[in-house]
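Okay, structure first, notes after.
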Amino acid sequence: MPTVSEIMQTMEYGPSVEDSSAVRDWLKAHPKFGHFINGSFTKPGDGFDTTDPATGTVLAQISQGTAEDVDTAVKAARRAQPKWAGLPGHERAKYLYAIARTIQKRERFLSVLESMDNGKPIRESRDADIPLVVRHFYHHAGWAELMADEFPDHSAIGVAGQIIPWNFPLLMLAWKIAPAIAAGNTVVLKPAEYTSLTALAFAEICQEVGLPKGVVNIVTGDGETGAAIVASEVDKIAFTGSTEVGRAIRAATAGTGKRLTLELGGKSPFIVMEDADLDAAVEGVVDSIWFNQGQVCCAGSRILVAEAVAERFETLLQRRLATLRVGPPLDKSTDVGAIVHPVQKNRILGLTAQAIAAGADLIGGAPGDACFIAPGYLRQVSPANPAWSEEIFGPIATLTTFRTADEAISLANNTRYGLAAQIWSESATVATDLAASVKAGVVWINGANMFDAAAPFGGMRESGYGREGGRVGLLDYLSGPKIAEAKEKAAPAPKAVLDGASAAGGIDRTEKLYIGGAQKRPDGGASYRAASGDLVPLGNRKDIRNAVEAAKKATKWAAMGGHARAQVLYFIAENLSQRRDDLAKKHGAKPVDAAIQRLFFYAAWADKYDGMNVQTKPNYLVNVIPESFGTIGIVCPNDAPLLGFISLVAPAIAMGNSVVVIPAQDDPVAAFDLAQVFDTSDLPGGVVNIVSGPKDELAQVLAQHDDVAALWFCGAEGAAAVEKASTGNLKPVWSFANRDWSKPVGQGRAYLDHAVQWKTVWLPYGALPAGTGSIVY
């Protein structure tokens with residue numbers, strides 16, 4: 001054994017193992033677990049072992065949930081939901097507060113259990129995961145208390161089915177359950193197959209605090225159990241996991257009317273500018289990709305470094321890499337613990353081998369015994385290398401250089417994902433400019449992997465949609481006022497007319513498509529007869545493609561800002577009013593007058609739909625910013641040809657989107673009349689594009705197009721098909737019933753809510769207090 005003086009010379013760490021006796025005693029008392037349904041545990045059934053990934057030791061046996069188990073849990077949740085939602089918010093708040101306090105009192109026990117079941121270092125579970133779990137229940141106890149005042153016109157959705165991953169088992173449970181039950185919903189949650197123990201310990205806490213039976217139900221099992229929850233009679237699915245599984249869930253829920261939020265994979269950029277504090281940025285790498293063994297969906301796994309400082313950065317990075325300790329998760333000196341399961345370890349090693357075969361150099365990253373892999377990174381990784389695009393989900397990053405800020409953004413956005421980004425620069429101007437340009441739902445400036453219950457978290461593009469945390473996340477568990485459905489008249493497929501004259505008589509007036517600010521003949525050259533008797537263009541797949549390309553180029557519209565967009569909308573309303581009498585003769589006075597008012601309404605909102613600064617950790621400005629999707633596809637109702645068109649197009653463009661619109665199939669003439677107004681109202685070309693034709697066929701094309709970022713579909717028929725078709729790039733689809741567009745339900749904030757995606761930007765300021773510059777709370 002070395003002497004004290006020898007230790008002072010070598011500065012080697014000695015073992016400092018967390019006591020696990022309380023957890024082991026608990027496991028001895030619970031060798032097998034059943035499900036937690038209707039307030040009690042079921043008899044254990046056939047199942048599987050859950051093991052300590054660091055040692056391979058079996059910890060307990062978990063029951064495999066069946067479709068019958070899920071059905072029983074859903075029925076229990078359904079019975080409990082009305083009474084739970086009917087409680088005053090204060091009563092629900094007391095239960096959430098009691099859960100938070102009880103978890104707080106058991107932080108050490110839960111931390112040890114999490115590390116044993118998951119393999120993460122005890123420092124992380126003790127100092128990051130469990131305190132954040134507590135924070136989420138406290139935060140949402142507050143929302144339950146304020147529900148009636150802050151959301152007076154909203155109500156609970158009903159029963160939420162929730163499926164969580166294995167990388168942050170108890171924290172992901174808190175992210176899902178806390179907002180759901182605060183809003184008055186009941187839940188059926190499936191923890192990950194590999195890491196169910198802290199969820200079952202949480203079930204005991206629910207019993208201890210006296211949570212009403214059926215409010216929280218936990219059914220364990222593998223992917224088949226998750227599929228049973230997706231197929232069950234729940235009102236919402238909330239899923240965190242891989243993009244591939246998220247895509248399958250989107251397809252399975254298409255047309256069911258179930259609300260859906262997806263938090264999926266990522267390949268997040270970690271941008272180091274040449275003016276960055278390189279020592280701090282290196283620590284950021286440690287907190288980002290090597291935190292939790294790299295098993296973090298938002299990890300900065302693509303390190304992008306300015307060429308001018310790349311050599312110095314790599315020197316510092318390799319020096320720091322050499323000091324990281326890989327070892328037993330319960331040792332308080334361990335930096336990198338065990339990979340969650342041998343299957344995951346093999347996947348990481350396989351993807352790393354593919355990257356090396358494609359020309360990359362691996363620094364570090366050596367596999368160890370059991371489920372250990374040393375942290376490392378891959379150099380010489382081109383965008384064609386599989387490691388550039390595939391989520392490794394392990395402690396292996398890639399490192400690429402760039403020369404200019406524009407190149408950094410181009411590389412950062414060269415991915416199908418859009419979950420998170422990290423930016424390192426000593427210039428606030430440079431950092432915030434990059435933050436605005438990167439396509440990601442969360443951006444950390446000069447920091448890494450910081451989370452808070454008040455800060456919405458979620459992705460863009462194939463990283464999913466919906467948010468968890470804060471006011472925005474809570475809204476995903478609430479429904480607005482019920483809207484009466486107006487039956488939409490049937491729209492039989494239009495028949496092509498290759499020749500013929502307009503019904504107006506005299507000079508033939510055949511409408512043209514409106515694409516890129518100009519009238520365009522349809523690709524097929526065909527027209528069909530509208531209800532008015534006019535000939536209107538019969539658009540096809542190529543016309544949609546051309547319209548999307550034009551919309552994608554109209555980037556100046558979002559950059560103009562809300563005030564400038566408002567002026568254009570007011571100008572459209574002004575020019576529409578000048579043509580009021582002529583248009584009223586064709587389309588009716590009331591729809592024209594209502595359209596003018598609706599344009600004024602959304603012009604008023606254009607510069608007033610604000611983001612918010614939320615209170616999180618000290619010395620951080622955390623801004624939650626509404627950001628346009630880019631290109632939205634809009635499928636209008638077959639009724640209200642003029643007013644329905646304006647009611648959907650106006651809110652979308654007010655928020656900075658460009659749109660490709662399929663107008664009322666039977667009578668698109670009103671939309672083309674409006675196009676003439678757009679031409680005289682300073683609306684940039686490509687902001688509004690109109691393609692008439694068969695509604696369902698063209699809607700399918702929009703749903704399948706990868707450059708359409710979101711889709712609005714009005715109508716009871718056809719929604720299932722477009723939702724299923726949207727799985728390609730996982731665009732959010734807002735499917736809604738037809739309504740009386742002349743009434744107040746034809747406008748409102750809900751339309752604006754669906755026209756934006758939220759970006760959370762963390763910006764440090766001042767001298768940060770010790771211990772607040774990383775994920776440790």
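Throughout, numbering of the chain's residues begins at 1 and tracks the sequence. Please read all numbers here as calculations on a predicted model, not as lab measurements. Keep in mind that the numbers below use all heavy atoms, side chains included, and drop hydrogens, waters and symmetry copies.
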If we count only N and O atoms by modelled type, under 3.5 Å, do the side chains of [X] and [Y] hold a donor and an acceptor together?
| X | Y | result |
| --- | --- | --- |
| Lys190 | Ser196 | no |
| Tyr194 | Gln344 | no |
| Asp117 | Thr50 | yes |
| Gln64 | Thr225 | yes |

*May I ask you to check whether over 12 heavy atoms, not counting those of Asp46, lie within 6.0 Å of atom CG?*
no
*Would you find more than 12 non-hydrogen atoms of other residues, nucleotides or ligands less than 6.0 Å from Glu224 atom CD?*
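At most 12 heavy atoms, drawn from other residues, nucleotides or ligands, come within 6.0 Å of this atom.
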*Indicate, with yes or no, if the rings of Phe168 and Trp175 have centres closer together than 6.0 Å.*
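No, they do not, as the ring centres are separated by 6.0 Å or more.
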_Centroid separation Tyr95 to Trp84 less than 6.0 Å_ =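 Tyr95 vs Trp84: aromatic centres under 6.0 Å.
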salt_bridge([X], [Y]) N-O dist < 4.0 Å:
| X | Y | result |
| --- | --- | --- |
| Glu145 | Lys94 | no |
| Arg123 | Glu18 | no |
| Asp19 | Arg108 | no |

*Applying side-chain contact (heavy atoms from CB on, under 4.5 Å), run through Trp444 and Cys298 and close with a yes or a no.*
CA-CA 11 Å; Trp444 293 292; Cys298 55; 3.7 Å; yes
*Working to the nearest 0.5 Å, report the span between OG1 of Thr243 and CZ of Arg416.*
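Spacing of OG1 (Thr243) from CZ (Arg416) equals 5.5 Å.
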